[in-house]
Amino acid sequence: MFLRIALLAQTVAVLVQAVTAGLLLSTPGGRTAHSATAIGVVVTVLLHLVAALLTRQRSTILPAVGMLAMTLVQVALGMAHMKAFHVPLGVLMFGVSMVRLNQVWSVGRAKTASA
C-alpha cells in the first residue's frame, strides 16, 4: 500500500511540475513555482525509492532507481537551461510514472480479486 501511495504522489508531483512549467513560460512568478515544485518531485521520487526498497523486489526497486536517475538529470538540465532536453525528459518521466502507477495498481487489484 505504501508503494501505491508513493507512486501516486510522485505522479501527481510530476503533473504539477508540468503545470508550473507552463506558468514559467507565461507569468513572471512562474520560475518560483517551478523551482518549488521541483523540490516536491525530488521528495516524492525519494519516497517512491524508499517504498520500493521496503518491498525488497528487484522488479520494483530498479524502476524507482531509474526514476531517481531521470530526476537528477532533469534537475541538472533545468539548472543549465537546456530546455531542448529538459522538456522531453519531463514528458518521459510523467509517462514512466503513469505506467508504473498503472502496473502497481493493477497488481493490487488482481491480488484483491483472487483473494
Among the clusters formed by ILVMFWY side chains lying less than 4.5 Å apart, do [X] and [Y] turn up in the same one?
{"X": "Leu101", "Y": "Val12", "result": "yes"}
{"X": "Leu72", "Y": "Phe94", "result": "yes"}
{"X": "Val42", "Y": "Leu53", "result": "yes"}
{"X": "Leu92", "Y": "Val14", "result": "yes"}
{"X": "Val45", "Y": "Val96", "result": "yes"}

Could you note down all residue pairs passing side-chain hydrogen bond (donor to acceptor under 3.5 Å, both in side chains) where residues 43-56 supplies at least one of them, sequence neighbours left out? Gln10-His48
When Ile, Leu, Val, Met, Phe, Trp and Tyr are grouped by side-chain heavy atoms lying under 4.5 Å apart, directly or through other members, which residues fall in the same group as [X]?
{"X": "Leu47", "value": "Phe2, Val50, Leu54"}
{"X": "Ile39", "value": "Val43"}
{"X": "Met1", "value": "Ile5"}

Just list the side-chain donor-acceptor pairs under 3.5 Å for residues 75-89, sequence neighbours left out, or say none.
from: His86; atom 1: ND1; to: Gln74; atom 2: O; distance (Å): 3.1
from: His86; atom 1: ND1; to: Gln74; atom 2: OE1; distance (Å): 3.3
from: His86; atom 1: ND1; to: Gly78; atom 2: N; distance (Å): 3.3

Rounded distance [0.5 Å steps], CG in Leu7 versus CE in Met67: 8.0 Å
CG-CG distance between Leu68 and Leu49, expressed to the nearest 0.5 angstrom: 6.0 Å
Below 3.5 Å, can you tabulate the donor-acceptor pairs from side chains in residues 22-31 to any protein atom, sequence neighbours excluded?
from: Ser26; atom 1: OG; to: Gly22; atom 2: O; distance (Å): 2.9
from: Thr27; atom 1: OG1; to: Leu23; atom 2: O; distance (Å): 2.8
from: Thr27; atom 1: OG1; to: Gly30; atom 2: N; distance (Å): 3.4

If you compare all heavy atoms of Ser97 against all heavy atoms of Thr11, which two are closest, and at what distance to 0.1 Å? OG-OG1, 2.6 Å
Minimum heavy-atom separation for Val41 to Ala13, with atom names? CG2-O, 3.5 Å
